Amino acid sequence: MKILVVYYSRSGVTKLAAQTISKTIGADLEEIIDTQSRSGAVGFIKSCYQVVLNQLTRIQELKADLAQYDLVVVGSPVWAGKPATPVTSFLKKYQSSIKSLAVFLTHGDKTNSYAGVVEFMEQAAGKKSVKTLSLSTDDVKKANDYNMNTFANELNKL
């Protein structure tokens, strides 16, 4: 099975998780590039404002041809209880090219699974996720690879 891991990361946490997952399963890796700057305090405020209002953003075209992949694994940070705006924009833009979807989330809260965020992503993609993973920022930063490796290995069994 040919797998692509696609992610958006404002702070680098989701990027680290995406790299770990893609390396574990030997998948291709691509970053979702937002055309808007989201750095610093102003970028943070703009990001929160847009996600709360369900606004989309322009993203750069992907280098990868999604039609060539059996599974697209999408990684997103959680912003105000929703997926990052660039991720929602990606899912809506490319939904017809995604054959099968898996989702992973990164977030600051250690106790919340953010099932509602997964549902929001599934609606944007127009399909159910075959596998999901919810990771706290602490787990990712401490290189607690157990959950990421387990998730990746389960993807390989699909």
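On a predicted model such as this, the values are computed, not experimentally measured, just so you know.
Closest of all the heavy-atom pairs between S22 and V5 is CB-CG2, 3.8 Å. Looking at every heavy atom in both residues, I25 comes nearest to A152 through CG2-O, 2.9 Å. A pairwise comparison of heavy atoms in G12 and S9 identifies N-OG, 2.9 Å as the closest pair. For the residue pair S76 and M121, the shortest heavy atom distance occurs at CB-CE, 4.2 Å. Contact detail for L29 and Q19: the closest heavy-atom pair is CD2-CG, 3.8 Å. For the pair V140 and M148, the tightest heavy-atom approach, listed with the atom from each and the gap, is CA-CE, 4.4 Å.
By the 4.5 Å heavy-atom criterion applied to side chains, V73 and L155 are counted as neighbours. Between Y7 and V74 the shortest side-chain heavy-atom distance does not fall below 4.5 Å. For the pair T88 and L56, the minimum side-chain heavy-atom distance is below 4.5 Å. In this structure, the side chains of I59 and I33 stay at 4.5 Å or more apart for every pair of heavy atoms. Residues I3 and N156 are in side-chain contact: their nearest non-hydrogen atoms beyond the backbone lie under 4.5 Å apart. Counting heavy atoms from C-beta outward, V87 and I32 have side chains that approach closer than 4.5 Å.
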Report task. With side chain to side chain donor-acceptor pair (under 3.5 Å) as the test, would you mind laying out the steps for T57 and Q36 before giving the verdict? Result -> CA-CA 8 Å; T57 187; Q36 297 182 34; 3.0 Å; yes
Query - Pair Y69-I98, side-chain contact (heavy atoms from CB on, under 4.5 Å): steps then yes or no - result: CA-CA 8 Å; Y69 294 90; I98 299 171; over 6 Å; no
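Panel note: side chain E30, backbone V6; no donor-acceptor pair is recorded below 3.5 Å.
Within a 6.0 Å sphere centred on NZ of K99, other residues, nucleotides and ligands contribute more than 12 heavy atoms.
Rounding to the nearest 0.5 Å places CH2 of W79 at 7.0 Å from CZ of R10. Distance check, rounded to the nearest 0.5 Å: NZ of K127 to CG of L91 gives 9.0 Å. In this structure, CG in D70 is found 11.0 Å from CG in L4, a value given to the nearest 0.5 Å. If you take NZ on K157 and NZ on K131, they are separated by 9.5 Å, rounding to the nearest 0.5 Å. Rounded to the nearest 0.5 Å, atoms NZ (K82) and CD (E119) are 13.5 Å apart. The distance from the CZ atom of F104 to the OG1 atom of T20 is 9.0 Å, given to the nearest 0.5 Å.
The closest side-chain donor-acceptor pair between Q50 and T85, if any, does not fall under 3.5 angstrom. Side-chain N/O atoms of Y94 and E61 include a donor and acceptor closer than 3.5 Å. A donor and an acceptor atom, one from each side chain of T106 and T14, are located under 3.5 Å apart. Between the side chains of S134 and H107, at least one donor N or O sits under 3.5 Å from an acceptor N or O.
Each of T137, D139, L135 was checked for a side-chain contact (heavy atoms from CB on, under 4.5 Å) with V13, and the lone residue meeting it is T137. Here the rule is side-chain contact (heavy atoms from CB on, under 4.5 Å) with V117, and of T132, V103, V78 only V78 fits it.
A continuous path of Ile, Leu, Val, Met, Phe, Trp and Tyr side chains, each step under 4.5 Å between heavy atoms, connects V130 with F151, placing both in one hydrophobic cluster. No continuous path of ILVMFWY side-chain contacts below 4.5 Å connects F120 to L101, so the two sit in separate hydrophobic clusters.
Salt-bridge annotation for K63 and E31: absent, with no side-chain N of the basic residue lying under 4.0 Å from a carboxylate O of the acidic one.
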